[in-house]
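Structure first, then comments.
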Amino acid sequence: MAARRGDEDFLLTSGTTARGGALPVRSDTRFEIGSLTKTFTALLLAEMVARGEVGYDDPVERYLPRECAPRAPITLVRLATHSSGLPKLPPGLWRSALPAWFTNPYRAFTARDVLAAVPRARPRPGVRYSNFGVGLLGHLLARAAGCPFEELLTARVLRPLGLPDTGCAPAPQATGYWRGRPRPPWEIPGLPAAGALRSSARDMLRYLTAHLNPSATPLERALTEVARPRVALPGGADHLCLVWNHRARPGHELLFHSGGTRGFTSFAGFSPRAGTALVALVNTGPTLRGTFIQRSYEALRTLATLAPA
């Protein structure tokens with residue numbers, strides 16, 4: 001776990017990255033961060049919009065082969081706010097995922113499969129979380145820029161923010177566990193923008209600090225854009241920003257997201273008005289009864305509440 005409060009950073013590491021004490025955890029130990037990858041993809045979108053290379057309201061078919069056009073109109077910003085109507089997973093993925101469901105369910109699903117799934121999907125009105133949508137967004141940005149997603153993300157986001165531990169390559173990284181058994185490194189070749197990144201507590205805290213102080217970075221406009229509430233969620237004051245969840249609270253607001261792979265669970269959040277941020281990483285996969293994400297959110301809320309006005 002790592003946190004920031006005001007001008008102070010706290011890096012708290014404990015345990016080991018493998019059962020039996022094989023490798024001690026350090027601030028630069030790399031963990032699979034799963035869906036926290038989506039926040040980086042959203043920042044890449046905002047960075048490319050700031051450059052004038054793409055527009056939030058661009059239709060997705062502008063960056064797709066003609067035969068891959070969706071059944072209904074979808075824009076780039078709709079993909080980044082989970083309001084495109086696309087399902088959580090692309091059509092056809094279940095068939096390839098089932099043989100490796102407990103290890104690497106996305107491994108056999110390729111970029112070509114993702115593009116072929118677009119015209120097969122039936123968008124439905126409303127907001128629903130979609131790995132498919134944000135994964136597709138990564139492909140569209142890469143096609144617009146004319147280079148692979150990871151290369152583009154590194155050049156536009158990771159390198160400018162000084163995040164040397166962050167990338168899609170699986171080595172070196174901690175060993176992940178699920179229900180007490182080691183899991184192989186996560187592979188998601190068709191949807192890297194939705195969940196392929198690895199990062200460290202050190203890098204993630206630096207990443208969140210950039211969101212707290214956009215003007216101190218080369219990505220000021222993009223960092224400001226990703227934190228702006230855009231889509232209201234039913235039943236309260238919660239909103240979606242660009243991927244980030246936004247929750248208003250008296251005296252402060254919380255922006256947060258979580259992630260999980262078969263062997264890792266992650267949480268990250270920040271509160272601009274309170275000047276606080278928190279990242280929590282663990283090398284065990286999420287389970288139905290797991291409390292890691294909820295406890296991490298509560299720690300962030302407490303940190304924001306206790307921050308000096």
Side-chain angles (χ1 to χ4, degrees), residues 1-4 11 27-47 79-82 88 106 129-135 137-138 141 149-150 153-154 156-158 161-170 173-174 176 183 185-188 191-212 219 222-223 226-227 240-247 254-271 276-286 290 292-297 299-300:
M1 178 180 292
R4 181 175 182 84
L11 289 167
S27 63
D28 62 350
T29 299
R30 298 172 78 241
F31 292 72
E32 295 170 2
I33 62 171
S35 285
L36 286 182
T37 302
K38 294 179 175 67
T39 69
F40 288 82
T41 303
L43 185 55
L44 176 61
L45 167 63
E47 195 274 345
L79 295 176
T81 55
H82 296 297
K88 180 176 182 179
Y106 291 89
Y129 189 86
S130 178
N131 287 330
F132 182 19
V134 182
L137 176 60
L141 298 178
F149 172 75
E150 184 179 8
L153 184 70
T154 299
R156 300 294 187 83
V157 174
L158 305 182
L161 293 183
L163 308 178
D165 303 331
T166 306
C168 295
Q173 69 171 51
R183 301 290 87 182
W186 189 245
E187 298 174 63
I188 184 168
L191 298 164
L197 283 180
R198 282 81 170 160
S199 191
S200 65
R202 179 180 65 183
D203 267 19
M204 286 302 300
L205 188 58
R206 187 173 296 160
Y207 175 62
L208 295 178
T209 299
H211 288 75
L212 294 177
L219 302 181
L223 287 162
V226 297
L240 282 174
C241 303
L242 294 182
V243 171
W244 289 102
N245 299 290
H246 181 280
R247 182 164 294 165
L254 300 176
L255 289 94
F256 57 95
H257 207 282
S258 62
T261 66
R262 278 294 174 264
F264 294 82
T265 310
S266 57
F267 175 88
F270 61 101
S271 177
T276 60
L278 180 141
V279 58
L281 308 170
V282 66
N283 65 319
T284 55
F292 178 81
I293 291 173
Q294 181 60 33
R295 292 172 65 185
S296 299
Y297 170 80
L300 172 66

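We count residues from 1, following the sequence as given.
Going from atom OG of Ser35 over to atom CG of Asn131 covers 5.0 Å, rounded to the nearest 0.5 Å. Taken from CH2 in Trp186 to OG1 in Thr37, the straight-line distance is 11.0 Å, to the nearest 0.5 Å. Distance CZ/Phe264 to CG/Leu281: 9.5 Å, rounded to 0.5 Å. The CG atom of Leu158 lies 4.0 Å from the CG atom of Leu153; values are rounded to the nearest 0.5 Å. Taking OG1 of Thr39 as the reference point, atom CE of Met204 lies at 6.0 Å (rounded to 0.5 Å). Rounded to the nearest 0.5 angstrom, Arg4 CZ and Leu278 CG are separated by 13.0 Å.
Between the side chains of Ser199 and Tyr207, no donor N or O sits under 3.5 Å from an acceptor N or O.
Across every non-hydrogen atom of Leu208 and Ala277, the tightest pair is CB-CB, 3.8 Å. The two atoms that bring Tyr297 and Phe267 nearest to each other are CA-CZ, 3.5 Å, heavy atoms only. Heavy atoms only, all atoms of each residue included: Ser271 and Leu212 are closest at O-CD2, 3.6 Å. Shown here for His246 and Cys241, the closest heavy-atom pair between the two residues is CB-SG, 3.6 Å. Nearest heavy atoms, Ser27 versus Ser200: O-CB, 3.3 Å. Taking every heavy atom of both residues into account, Ala42 and Val226 meet most closely at O-CG1, 3.8 Å.
Of the candidates Arg206, Arg30, Arg202, Arg198, Asp165 forms a salt bridge (charged side-chain N to carboxylate O under 4.0 Å, His left out) with just one, namely Arg202.
Gln173 places no side-chain N or O within donor-acceptor distance of the main-chain N or O of Pro185, the cut-off being under 3.5 Å. Between the side chain of Thr41 and the main chain of Gly138, no donor-acceptor pair closer than 3.5 Å is present. Distance alone, capped at 3.5 Å, is enough to place a donor-acceptor pair between the Lys38 side chain and the Ala194 backbone. A donor-acceptor pair is defined here as one N or O able to donate and one able to accept, closer than 3.5 Å; such a pair exists between the side chain of His82 and the backbone of Ser130.
For the pair Asp203 and Pro164, the minimum side-chain heavy-atom distance is below 4.5 Å. Proximity of Leu161 to Leu219: side-chain heavy atoms (C-beta onward) are separated by under 4.5 Å at one or more points. No side-chain heavy atom of Val279 sits under 4.5 Å from any side-chain heavy atom of Ile33. Using a 4.5 Å cut-off on side-chain heavy atoms (C-beta onward), Asn283 and Phe31 make contact. Between Thr81 and Leu242, the closest side-chain pair of non-hydrogen atoms falls below 4.5 Å. Contact annotation: the side chain of Ser258 never approaches that of Leu36 to less than 4.5 Å [non-hydrogen atoms, C-beta and beyond]. No side-chain heavy atom of Val134 sits less than 4.5 Å from a side-chain heavy atom of Leu79. Side-chain atoms of Thr284 and Phe292, non-hydrogen and from C-beta on, never get closer than 4.5 Å to each other.
Looking at residues two or more places apart in sequence or on another chain, you find a salt bridge (Lys or Arg N to Asp or Glu O under 4.0 Å) between Arg156 and Glu47, Glu53.
Classified by interplanar angle (parallel below 30°, tilted 30° to 60°, perpendicular above 60°), the ring pair Trp244/His211 is perpendicular.
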